[in-house]
Amino acid sequence: MELSTATLLGAWVSIFLTICILSFLYEDNPVYKLAEHLFLGVSIAVSVVEAYYGTFKPNMLDPVGRAATAVASGSDPGWDAVSVIPLLLCGVLFLKLVPKLSWVARIPIAFLVAMFAGLKLTGEANANLMTQVAESMPNLGQLWIDHGLWDWSADGAGVISGLVLVLGLCACLLHFYFSAPHNRPLRVVSRFGVLMLMFGFGASFGYTVMGRISLAIGRAQELLGLDRSLEQNAVVHPRIATLASIVLLVGVLAVWKLRGGKPESDEATES
Amino acid sequence: MFDFLVRFQAMDRRWIFLGMAIAIVLPLLFPFKMPFRVDERVQALFDEVDRLPAGSRVLVSADFDPGSRPEIEPFYRANLHHLFRKDVKIVVLTLWESAPPLVQPILEEIAGIYGKTYGEDYVFLGYKAGREVAIKSIGADIPKTFPTDSRGTPVERIPVMRGIQKAADFALIVNVSSGNPGTKEYVMQIQGQYNLKLASSTTAVSGPDYIPFYKAGQLFGLAAGMPGSAQYEKLTFPDGKVPGGGKLMATASMDVLNLGHLYIMALILFGNLAYFITRRRD
């Protein structure tokens, strides 16, 4: 199998940068900083280029250009002329930099806020509020018919789960009710609400840990060459690249340490 | 023992990282293939796709980036295999700027395995900026949102797009989502409005947020994180063999996930135990 030089070089650079980033687990160091700054720089560059070619050019600059050409040749620019308005609004945004005229920049910001408010309002109300409120009132009779008290084959669906949902939701809401003193009966309900919240946070934490381990697995698979075919591995040699990167990094860090290098956080503390 | 517990609490965190590295690398090199079961949400997703008649058209919105590849690329691959195997026509698009170099080669590779023709059996519409505004527009008018495919061919000349005007014209929509814009935005902007049959494969971090959408019927299926992808792989390739010689990347990672979680649970339990014992003695 033949791979292009760019693909081969890309694979080695990817492995080297992964090792550079992982070196932070030992200690903050200049090699990690290099990889971090590279990552940020490339990410921002890609975003800027994509925003230009994906949004500004096709939606604003091209129509404005066509309108200008049409006007220059004496023909009707049509709807393309309307694109001058967003161009003007974009320009006006930069008036934030001129203190005396900075108030004018509020006009395009007002457009943005109003547009997103309109866009989000109906979606949030429909998807996150109405439907979820309706679903928080389960039909216990139907649950009994479908699953009984507790159905292991359906992830614990049943009357018990329905009751826990309703009671837990009410207890959580009452925990955040501050217009009455949390005396003994309300305190008990409030405690139950906190317990439910803790279950929820625990589930979120568990999923987050799983996500982070998954990312580590992805990197490990790349370093060990498990995400490529045997033919590709015969050309890329990912394990040799990993070993070479580790040796190089250890050497660089040893030299850095011998020359009195310290993590940035330590330097900041000392100064 | 008491001294050990005291020293354990002051242990250098780098030993923990080393332990985690071992817990990740060892099962990858020496897999022991722990069993895992398919949950109801992934089964529902698979069943709905499996019920599609040949010739149906499915929209796949592949909205992920390199950071979430390990978790949801295996689902994307397995889902494409499943759809092509069912002779379903696939329209892929993305709302993430970094997605095209990831999702297009995979689409071409898997289409090639099944001998599918570009334009006839599948198409890649490319990337569209605009996030939620773009989603709203997909719901109302796809040719207006994507006037051409990624190769610059006008959509009205692409056979697989014939008769497709809006999102509701697809039999199903599968959103492979690693954040915003993604599943939540599809649900909020167009799922309810057009009563779309929407499924999601998402990262583990987003999983708990989307479970209520599944419970409320706003999603007909949900595959969360690497386990979701592994479960879909298990259903799509029951014999463990991938056409074209590919690997079951998520399935191969389940041992690591299990061991990694056991390691973290052990640390939490032991750390708390040490804390309470030493506090009582103090």
Side-chain angles (χ1 to χ4, degrees), chain A residues 14 22 25-27 43 46-47 49-51 53-56 58-59 115-116 119-120 122-128 130-132 134-136 138 153-155 157 165 200-201 203-224 226-231, chain B residues 13-14 17-18 20-21 23-25 28-29 39-41 66-71 73 97-98 127-130 132-133 136 184-185 187-193 203-209 211-213 215-218 224-227 229 245-247 249-250 252-253 256-257 260-261 264:
Chain A
S14 155
L22 289 176
L25 295 177
Y26 176 71
E27 191 175 82
S43 303
V46 169
S47 303
V49 170
E50 283 293 348
Y53 285 104
T55 311
F56 284 101
N59 297 336
M115 193 270 284
F116 272 97
L119 194 68
K120 289 270 186 186
T122 48
E124 286 281 355
N126 181 39
N128 274 348
M130 300 309 290
T131 315
Q132 296 307 325
E135 281 304 309
S136 63
S153 63
D155 289 343
L165 172 69
F201 295 146
S204 289
F205 176 70
Y207 268 99
T208 305
V209 168
M210 187 162 74
R212 300 300 173 248
I213 296 177
S214 303
L215 297 185
I217 292 170
R219 291 294 80 204
Q221 284 173 331
E222 168 142 11
L223 296 180
L224 296 170
L226 299 172
D227 60 343
R228 293 190 180 86
S229 64
L230 289 175
E231 293 81 17
Chain B
R13 65 196 165 92
R14 285 174 285 201
F17 300 150
L18 184 67
M20 182 49 97
I24 287 173
V25 171
L28 280 177
L29 293 175
D39 77 32
E40 176 208 344
R41 298 181 286 270
S68 46
R69 266 183 77 182
E71 286 187 271
E73 187 188 303
E97 61 207 15
S98 50
Y127 159 69
K128 190 67 182 176
E132 280 174 81
V133 182
K136 196 85 183 160
K184 188 180 175 194
E185 287 67 36
V187 170
M188 275 172 43
Q189 295 302 340
I190 58 174
Q191 187 280 327
Q193 185 179 359
T203 55
V205 174
S206 304
D209 294 340
I211 289 173
F213 292 149
K215 293 282 180 195
Q218 292 158 299
M226 205 172 246
S229 296
K247 293 179 180 178
M249 295 302 289
S253 307
V256 190
L257 270 184
H261 278 89
I264 289 176

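All values below were derived from every heavy atom in this structure, side-chain atoms included, with hydrogens, water molecules and symmetry-related copies excluded. So that the names make sense, note that chain A is the first sequence line, chain B the second, and so on, each numbered from 1.
The residue among A:L224, A:L223, A:V46, A:N59 with the most heavy atom pairs within less than 4.5 Å of chain B is A:L224. Between chain A and the options B:P212, B:G207, B:S98, heavy-atom pairs under 4.5 Å are most frequent for B:P212. Your options are A:L215, A:V209, A:L226, and the one with the most heavy-atom pairs under 4.5 Å with chain B is A:L226. No other option in A:L119, A:T131, A:T208 has as many heavy-atom pairs under 4.5 Å with chain B as A:L119. Between chain A and the residues B:Q191, B:E97, B:R69, the most heavy-atom pairs under 4.5 angstrom are made by B:E97. The residue among B:A216, B:G192, B:S68, B:S253 with the most heavy atom pairs within less than 4.5 Å of chain A is B:A216.
For residues 209-219 of chain A, the side-chain hydrogen bond (donor to acceptor under 3.5 Å, both in side chains) pairs, not counting sequence neighbours, are A:T18-A:R219, A:R219-A:E222.
Neither the backbone nor the side chain of B:T203 has a heavy atom closer than 4.5 Å to any heavy atom of chain A. Contact annotation for B:L28: both backbone and side-chain heavy atoms come within less than 4.5 Å of a heavy atom of chain A. With a 4.5 Å cut-off on non-hydrogen atoms, B:Q218 touches chain A through its side chain but not through its backbone. With a threshold of 4.5 angstrom between heavy atoms, A:Q132 approaches chain B through side-chain atoms but not through N, CA, C or O. At a 4.5 Å heavy-atom cutoff, the contact between B:K215 and chain A is made by backbone atoms alone. At a 4.5 Å heavy-atom cutoff, A:S136 makes no contact with chain B through either its backbone or its side chain. Contacts between B:I24 and chain A at a heavy-atom distance below 4.5 Å involve the side chain alone, from C-beta outward.
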**Message:** Set out, in order, the CA-CA distance, both residues' side-chain angles and the distance that settles side chain to side chain contact (heavy atoms under 4.5 Å, CB included) for B:K184 and A:N128, then state yes or no.
**Reply:** CA-CA 9 Å; B:K184 188 180 175 194; A:N128 274 348; 3.5 Å; yes
**Prompt:** When you look at B:M249 and A:Q221, which way does the side chain to side chain contact (heavy atoms under 4.5 Å, CB included) test go after all the steps?
**Reply:** CA-CA 9 Å; B:M249 295 302 289; A:Q221 284 173 331; 3.4 Å; yes
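A donor and an acceptor atom, one from each side chain of A:T122 and B:Q193, are nowhere located under 3.5 Å apart. Between the side chains of B:E71 and B:S229, no donor N or O sits under 3.5 Å from an acceptor N or O.
In the displayed structure, B:F17 atom CZ is contacted under 6.0 Å by more than 12 heavy atoms of other residues, nucleotides or ligands.
At least one donor-acceptor pair closer than 3.5 Å links the side chain of B:K247 to the backbone N or O of A:R228.
The two residues A:G211 and B:A204 make their nearest non-hydrogen contact at N-CB, 3.7 Å.
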